[in-house]
Chemist: 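Please see the structure below; I have some questions.
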Protein chains: 2
Amino acid sequence: MESHSSDCCVSHEESEAIIGRIIDELRDSGMRKTEALEELLHAMLEAHRPFLLSELSEVPGLAGRDQATIYRLIMKLKDLGKVRQLNFGDKGNYFQLNLADHHHDYLLCHDCGEITEVPFPCVLKEVEKKLREQFGWKNLSHSLAFHGQCPACSKA
Amino acid sequence: MESHSSDCCVSHEESEAIIGRIIDELRDSGMRKTEALEELLHAMLEAHRPFLLSELSEVPGLAGRDQATIYRLIMKLKDLGKVRQLNFGDKGNYFQLNLADHHHDYLLCHDCGEITEVPFPCVLKEVEKKLREQFGWKNLSHSLAFHGQCPACSKA
DNA sequence: ATACATGCAAACATTTTGCTTTGGC
DNA sequence: GCCAAAGCAAAATGTTTGCATGTAT
């Protein structure tokens with residue numbers, strides 16, 4: 001198995017549990033537990049990285065699914081705050097599960113295209129505090145991406 | 001000198017001078033000085049904010065211009081490093097002149113939609129240094145946007 | 001005169017919607 | 001049975017290219 005990026009230290013049982021919890025919440029909001037929904041959550045949780053819509057419909061469990069189905073699921077999940085939409089200036093929109101322990105700061109290699117999370121805590125809390133307290137902004141969040149050559153590619 | 005005199009207070013003569021200099025450089029790269037190019041640079045310099053392609057073709061001096069023309073100009077300017085492409089997770093691609101005194105950290109109000117620059121220096125130099133020296137990344141740059149309610153909208 | 005730049009149309013890609021059928025509850 | 005979800009197709013939107021003509025050099 002191609003061990004992908006950062007911390008894939010979630011056991012199978014754990015990830016089942018997380019997905020179960022998410023689905024419970026979604027059902028409280030009126031959504032139904034369907035195969036497509038489960039597969040989608042699986043894919044996004046396990047890979048632990050942002051996906052293009054077009055990539056999602058290639059993922060094993062979702063292959064063959066209509067893009068429109070995935071699109072509508074993603075949009076619903078986004079409306080319910082379970083999914084984040086990202087943009088890195090290249091092709092299209094990326095989507096990622098919006099879990100509490102993700103910090104959403106990304107590293108993009110412009111050679112191999114790999115997208116990973118920044119491997120240490122975010123430094124922008126202070127900046128957000130300043131914007132709130134000294135400039136009057138409210139409800140702040142941020143999106144941050146670093147672009148460059150990853151260690152592997154800069155050797156090659 | 002307080003770091004960001006970059007607000008929008010550039011005199012007309014100054015901005016003419018800046019545009020003249022940019023055009024000279026562009027001509028060295030083989031581009032021709034055309035009305036569309038001048039109007040485009042004008043619009044982007046004066047407004048001092050990122051533009052959607054669709055917005056650019058509405059700007060007074062460019063109104064009526066073919067989108068394809070503006071598109072090709074922007075792409076050329078981007079290839080030559082004079083324009084930056086940005087992305088804020090909503091609709092499309094934004095473009096902004098890539099001037100030395102801009103730092104490219106943005107504030108987006110999700111109520112009024114206004115996009116402004118962060119009014120103080122960027123704090124990410126340290127992080128980039130760490131990524132370079134401890135993690136082996138090369139040629140780093142970043143894109144950063146804060147999302148929230150601006151002072152005006154959070155009062156209303 | 002020789003390219004590059006433009007305008008127009010059309011090819012492509014991506015996102016979004018309408019509508020019928022399927023399936024969760 | 002009721003209503004959300006899925007599948008299929010097509011519309012809307014956004015990006016990119018081809019080609020004939022115009023224009024800067």
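Labels below follow one simple rule: chain letters A, B, ... track the order of the sequence lines, proteins then strands, and each chain is numbered from 1.
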Chemist: For a quick test of reading the model, state the closest non-hydrogen atom pair linking B/Phe51 to B/Ala43 and the distance between them.
Modeler: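 Heavy atoms only, the tightest pair is CE1-O, 3.6 Å.
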Chemist: What's the CG-P distance between B/Asp79 and C/dA5, to the nearest Å?
Modeler: 12 Å
Chemist: Side-chain contact test, heavy atoms from C-beta onward, threshold under 4.5 Å: evaluate it for B/Leu56 versus B/Leu40 and give yes or no.
Modeler: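 The answer is yes; the side chains approach within 4.5 Å.
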Chemist: Quick one: is A/Thr34 getting a side-chain N or O under 4.0 Å of the C/dG23 phosphate, OP1 or OP2?
Modeler: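 So the side chain of A/Thr34 is outside the cut-off, no N or O lying under 4.0 Å from OP1 or OP2 of C/dG23.
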Chemist: For residues A/Ser141 and B/Phe146, determine if any side-chain heavy atom of one lies less than 4.5 Å from a side-chain heavy atom of the other.
Modeler: no
Chemist: If a protein heavy atom is under 4.0 Å from the base, mark B; if only from the sugar-phosphate, S; if neither, -; do that for nucleotides 11-21 of chain C going 5' to 3'.
Modeler: ----SBBBB--
Chemist: In terms of relative ring orientation, are A/Phe88 and A/Tyr106 parallel, tilted or perpendicular, with 30° and 60° separating the classes?
Modeler: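 Ring orientation, 0 to 90° scale: perpendicular.
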Chemist: Expressed as a whole number of angstroms, how long is the span from A/Glu35:CD to C/dG24:C1'?
Modeler: 13 Å
Chemist: Both A/Gly30 and A/Gly64 contact DNA chain D. Which one's nearest nucleotide lies toward the 5' end?
Modeler: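 Per heavy-atom nearest nucleotide, the more 5' residue is A/Gly30.
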Chemist: To the nearest Å, give me how far apart CZ (B/Arg32) and P (C/dC4) are.
Modeler: 7 Å
Chemist: What integer distance in Å separates A/Arg65:CZ from C/dT22:P?
Modeler: 15 Å
Chemist: So A/Glu58 and A/Arg65, salt bridge (charged side-chain N to carboxylate O under 4.0 Å, His left out) or not? Walk me through it.
Modeler: CA-CA 9 Å; A/Glu58 301 298 330; A/Arg65 290 273 172 195; over 6 Å; no
Chemist: Hey, which sits more toward the 5' end of DNA chain D by its nearest nucleotide, B/Met31 or A/Met31?
Modeler: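 Per heavy-atom nearest nucleotide, the more 5' residue is A/Met31.
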Chemist: Should the pair A/Glu55-A/Arg49 be classified as a salt bridge under the 4.0 Å nitrogen-to-oxygen rule?
Modeler: yes
Chemist: At the 4.0 Å heavy-atom cut-off to chain B, mark where contacts on DNA chain D begin and end, going 5' to 3'.
Modeler: D/dT15 to D/dT25
Chemist: May I ask you to say whether A/Glu25 pairs ionically with A/Lys82, meaning some side-chain N is under 4.0 Å from a carboxylate O?
Modeler: yes
Chemist: Can you see whether B/Phe120 has A/Lys130 sitting over its ring - NZ or CZ less than 6.0 Å from the centre and within 45° of the normal?
Modeler: yes
